[in-house]
Each structure stands twice: as C-alpha cells, then as structure tokens.
Amino acid sequence: MLEKRVIVCLDVRDGKTTKGVKFAGNVDIGDPVEMAARYYEDGVDELVFYDITASAEGRGIMIDVVRRVAQRIFIPFCVGGGIGSVDDMRAVLLAGAEKVSLNSQAVRDPSIITDGAMRFGNQAIVLAMDALADPAMPSGYRVVINGGRVPTELDALEWARKAVELGAGEIVVNSIDADGTRDGYELTITRLLADGVGVPVVASGGAGVPQHLVDVFDHGHADAALVASMVHYGDYSIESIKKHVAAAGIPVRRSL
Amino acid sequence: MSTIVVDYDAGNLRSVETALGHLGADFTVTDDPDVVRRASRIVFPGVGDGAHAMRVLADRGLVDAMHDGFRRGVPILGICVGCQIVLDRTEEHDAVCLGLIPGVARRFMFEDRAGGLNDRRLKIPHMGWNQVAARPGHWLLDGVADGSSFYFVHSYYPDPASGADAIAHTDYGITFASAIERDNLVAVQFHPEKSGPVGLRVLANFLERR
C-alpha cells in the first residue's frame with residue numbers, strides 16, 4: 001500500500017535555513033545541507049527547499065546548496081522559489097533535485113507549467129499555492145501570491161484543477177491562516193483539493209504536534225504533509241512523528 | 001572490465017550517477033554504442049516517456065548495443081522506464097520496445113464498483129514510498145529487510161508474460177511486478193537511487209553481481 005509521506009520544508013535565504021511566522025520575522029536556524037542530511041538519517045521521506053532569496057546572487061548560492069544536498073541524501077527532493085523559466089527549472093533539476101515547485105510565477109504565467117511538464121515530465125512539476133479563507137470565493141479559498149502578500153482573483157480549487165490540466169503532477173496547498181501557528185493544518189481546503197484533483201496533494205502550514213499529521217491524513221485526505229517548525233526546533237524527530245502516525249493505523253515508511 | 005551507465009537523456013541519469021559515486025563504483029556514462037558493447041556491467045536508468053526513450057535509443061544506435069549486452073550475459077540493471085522498455089511493448093503511445101523480456105508495460109487501470117476499468121480510483125502517477133515483497137532469498141534484495149519500502153513514481157507498470165520473470169511485487173490498486181528478471185537482466189520499477197539506505201543496498205548488490 002502506498003505510504004503517506006512526511007516531508008520537511010526548509011526555507012533558504014542566502015544559503016541559510018530560515019523560519020518565519022505568518023510570512024514575517026525570519027530567523028536563521030542552520031545550514032540547509034547539514035539539516036537535510038540529519039533529516040535523511042532520521043527517516044524523512046522527502047525534502048522541499050524554498051529559496052526565499054530575491055537576488056540573482058542568492059540564486060547561484062541556491063544551486064550550490066542543491067548540488068551539495070544531492071551528494072548527501074538519496075531520497076527525492078524539490079526546490080521552489082524564484083523559478084521563472086524552463087532554464088531555471090533545468091538548473092535545479094540538473095543540480096540534483098527531482099522536482100521544481102512553482103507558485104506566484106505560475107499564476108502570472110500559467111504556460112510555464114505546461115512548458116516544464118513537456119520538457120521534464122509531469123512528475124517533476126509541483127504547483128504550490130498559498131490559500132486564504134475567503135467566503136467570497138466559490139470554494140471558500142482565495143489564491144494569494146508573492147509570499148502571501150498579493151491577493152488574486154483565482155479560486156483555490158479551480159486553480160488546482162487548472163494547474164493539473166496544464167501538467168502539474170502534484171499540488172502543495174499552504175494555508176496562510178494556519179502557517180506558522182502550530183495549531184494544525186487547515187483540513188477543509190486540504191480535503192477539497194485532495195478529493196478534487198487526480199494528483200497527489202501535499203498539506204502545508206500549521207503542523208505543531210504529530211496528531212496534526214494524523215488529522216490531515218485521515219480527515220484532510222492528504223497524500224503527504226509538510227513539517228517545519230515542529231522538527232527544526234527539536235521538539236519532535238521524524239522518527240517520533242512517524243511512530244505516532246503509524247500507531248494511528250496510517251501507513252508510513254519506517255526503517256525496518 | 002567496466003560498468004557503464006547508458007545515457008539516453010533519462011531524467012534520473014544524474015541521481016543514478018551520484019548514488020553509484022557514493023557507493024564508490026568505478027563507472028562511465030556513455031551514449032556510445034561501441035562503449036556499451038565492451039561493457040562488463042550495464043546500468044540502464046530511466047524517467048519520462050517510454051516511447052520517447054525508445055526513439056532516443058534508436059537514434060543513438062543503442063538498441064542493438066542493449067541486445068548485444070543481453071546476449072553476452074553481462075549483468076544489466078534497468079530502472080523505472082528502463083524496467084518498462086526492456087519488455088516487448090509499452091502502452092505509452094503504443095511503442096515497440098526492446099523485447100528482452102516478454103511482456104508489456106501497462107497503464108494503471110483500476111476496477112470501479114460497477115466492475116468497469118478506469119484510471120481514476122487511485123491517483124496517477126503512483127508516487128511515493130511503497131512496500132516491495134521480493135522472492136525470498138533473491139540476491140537483488142539481499143540485506144534488505146522484508147517489507148521495506150522503496151520510492152516509486154510512474155504511470156505504467158511492467159506486466160511480464162511469464163509470472164516466473166517477476167521477482168518482486170507491489171500493491172497499488174492492483175498487485176504488479178515491481179522487479180523482473182530474466183537471465184542476466186534484472187529491472188526494477190522503483191528508484192533505488194532515491195530509496196534511501198535500502199535503495200543503495202540494491203545498487204550495491206547489483207554492482208557485486210557476477
């Protein structure tokens with residue numbers, strides 16, 4: 001049986017891992033390569049690196065981080081942030097990533113999803129979206145871009161379906177309302193998307209305790225869950241999270 | 001005596017190289033059919049479109065070189081699409097494949113409640129970690145605990161004509177052959193290069209194969 005994935009998310013700025021709360025107040029928390037290696041040893045299923053550097057110089061640093069990560073961990077990983085062209089995708093995939101994650105750029109120019117999928121395959125193209133609860137939208141959620149600062153006219157569910165049609169092989173849904181709160185994932189939007197598209201859906205934002213992952217797998221129907229704060233600060237290990245999820249009867253990969 | 005990795009623009013070529021390098025393997029990456037003909041061990045990676053992969057192999061003159069390697073009896077390891085196109089045919093754009101192992105690469109189809117077949121009940125691609133149940137005592141999974149999980153990402157699966165060619169099985173809506181073998185050719189649908197310590201062990205087992 002296909003197992004539910006636990007994915008660690010690392011926000012990287014100028015080559016350092018950073019973590020913010022509600023998209024503000026970032027603090028550096030370590031070297032992404034060393035952190036990746038540690039999570040790999042601890043049994044994480046996948047990693048995501050979001051490059052939150054804006055400068056071109058930071059871009060080069062990120063490629064170097066990706067290259068060094070690929071030498072150390074032998075599980076899939078995804079890179080997002082600042083990817084605006086097929087050439088950008090090629091650079092991170094050649095450096096060793098399996099997938100690229102598109103967010104604001106795909107909203108501004110949806111054809112980038114198709115271009116990437118045609119060139120690298122659907123499995124390599126992840127559409128990440130930041131969603132904000134908004135009763136004015138048909139699904140109840142609005143897509144926001146630019147790190148959660150700029151609202152769009154896109155409905156979250158409609159955009160997810162459109163992205164899959166265009167070639168996205170996976171959807172990451174990050175709830176801005178839940179992000180960094182540690183109060184749990186936003187189950188409603190996660191379930192809407194997980195039931196509404198034919199590709200895997202990854203829940204993001206809000207994980208604080210292992211039970212939150214059980215909830216988002218059971219009630220949010222997520223295929224995978226992103227964690228950040230709860231492991232970055234040493235409150236939980238991947239092993240302890242998986243142990244809890246497995247005890248709830250949910251299939252997860254354990255080292256045998 | 002050399003291990004070669006066949007370069008036909010497969011998406012996981014770099015990952016396979018990195019994993020082999022990590023294991024300390026001495027290998028060459030090549031798209032030169034003559035180098036493949038002299039190889040004493042062949043790794044045949046793969047990610048992407050099976051029909052496209054066959055076209056690239058044909059363009060580079062690698063189809064005959066792969067047949068030659070199979071006939072010479074050198075150990076060959078196919079990975080993912082490299083596990084599908086060793087069969088006779090793939091349903092992906094209905095392409096003729098290498099025909100080294102009788103069988104077909106099929107698109108996932110699941111039975112619905114009314115007894116019909118469709119590809120909607122489970123998500124496609126089959127992406128993530130899933131358990132591999134291997135034939136007990138098989139050399140490829142030597143040292144890998146029974147029921148260990150490997151990383152998969154694929155929409156088509158190998159369906160060998162003879163059940164005897166299947167050496168491992170995995171469940172995803174249906175039970176399919178996740179590893180196949182005939183003579184000197186072994187091929188896995190999962191990605192050993194991305195399956196953590198157990199995947200590295202599978203690659204190491206192949207590198208030690210005589």
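Order of the sequence lines sets the chain letters (A, B, ...), proteins ahead of strands, with each chain counted from 1. The structure presented is a predicted model; accordingly, all values stated were derived computationally and were not measured.
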State the [atom1]-[atom2] distance between [X] and [Y], to the nearest 0.5 angstrom.
X      : Y      : atom1 : atom2 : value
B:S155 : A:N122 : OG    : CG    : 7.5 Å
A:E3   : B:F152 : CD    : CZ    : 10.0 Å
A:R254 : B:S149 : CZ    : OG    : 11.0 Å
A:L2   : B:M127 : CG    : CE    : 9.5 Å
A:F74  : B:L23  : CZ    : CG    : 7.5 Å
B:Y151 : A:R253 : OH    : CZ    : 11.0 Å

Which atoms of [X] are under 4.5 Å from chain B, going by heavy atoms: the side chain, the backbone, both sets, or neither?
X      : value
A:V164 : neither
A:L93  : neither
A:A117 : neither

Who among [options] has the most heavy-atom pairs with chain B under 4.5 Å?
options                      : value
A:G121, A:A70, A:G198, A:P76 : A:P76
A:K4, A:Q71, A:E98, A:Q123   : A:E98
A:R72, A:R5, A:E46           : A:R5
A:D223, A:V252, A:V197       : A:D223

- Message: Between B:S195 and chain A, with a heavy-atom cut-off of 4.5 Å, which part of the residue counts as in contact: side chain, backbone, both or neither?
- Response: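 Answer is backbone: N, CA, C or O of B:S195 sit under 4.5 Å from chain A.
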- Task: Give, as side chain, backbone, both or neither, the part of B:H154 having an atom under 4.5 angstrom from any heavy atom of chain A.
- Result: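 Neither part; nothing is under 4.5 Å.
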- In terms of heavy-atom pairs under 4.5 Å, which option from B:D171, B:L200, B:V153 contacts chain A the most?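 The residue among B:D171, B:L200, B:V153 with the greatest pair count is B:L200.
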- Item | Which of B:Q131, B:E17, B:R14, B:H22 touches chain A most, by non-hydrogen pairs under 4.5 Å | B:H22
- Using non-hydrogen atoms and a limit below 4.5 Å, what part of residues 187-194 of chain B faces chain A? B:E193, B:K194
- Could you tell me whether the side chain of A:I75 reaches within less than 4.5 Å of the side chain of B:W129, counting heavy atoms only?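 The answer is yes, as the side chains (C-beta and beyond) meet within the 4.5 Å cut-off.
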- For B:I124 and A:V199, work out which heavy atoms get closest and say how close.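 Looks like O-CG1, 4.3 Å.
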